[in-house]
Amino acid sequence: MIFLKAFVVGGLICVVGQILIDKTKLTPGRILVGFVVAGVVIGALGWFEPMKNFAGSGATVPLLGFGGALAEGTKEVIDKDGWIGILTGPLTSGAGGIMAAVLAGLIMSCITKPKAK
């Protein structure tokens with residue numbers, strides 16, 4: 001049953017993204033940033049944890065999950081270190097995702113040849 005929940009929630013997130021691509025003039029980059037910001041807002045409001053408990057990876061794998069992780073990390077560091085956590089929390093909680101993106105970009109730039117448009 002958990003697979004079905006993950007599929008439905010992740011699929012709905014993807015449907016929203018596809019509708020934004022098809023029906024608006026937003027660029028894909030702006031849509032991606034919007035999803036991360038939405039994840040931060042959902043996490044800050046405390047709604048991400050119940051969604052994560054319900055849908056598992058259907059909620060955590062898409063970009064909402066990255067935003068939710070940033071919000072959760074920020075809350076934890078603020079509780080521990082005070083207001084300086086606003087600056088350090090997102091960096092510590094998002095370091096794994098950021099590093100994976102940097103390494104993937106580096107590897108792809110080494111093995112592919114860019115084409116001029």
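It should be emphasised that the depicted structure is a prediction, and the values quoted were computed from it without experimental measurement.
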Nearest 0.5 Å please: distance from the [atom1] atom of [X] over to the [atom2] atom of [Y].
X     : Y      : atom1 : atom2 : answer
Lys25 : Arg30  : NZ    : CZ    : 13.0 Å
Asp81 : Glu76  : CG    : CD    : 11.5 Å
Met99 : Leu103 : CE    : CG    : 4.0 Å
Ile31 : Ile19  : CD1   : CD1   : 11.0 Å
Leu32 : Leu20  : CG    : CG    : 10.5 Å
Ile21 : Cys14  : CD1   : SG    : 9.5 Å

Compare all side-chain heavy atoms of [X] with those of [Y] and state whether any distance is below 4.5 angstrom.
X      : Y      : answer
Ile13  : Phe35  : yes
Val102 : Leu106 : no
Met51  : Phe54  : no

Which heavy-atom pair separates [X] from [Y] by the least distance, and what is that distance?
X     : Y     : value
Lys5  : Ala55 : O-CB, 4.1 Å
Ala44 : Ala71 : N-CB, 3.8 Å
Ala6  : Ser57 : CB-OG, 4.2 Å

Look at the side-chain heavy atoms of Ile, Leu, Val, Met, Phe, Trp and Tyr, link any pair under 4.5 Å apart, and say whether [X] and [Y] land in one connected group.
X     : Y     : result
Val16 : Leu26 : yes
Phe48 : Val77 : no
Phe3  : Leu12 : no

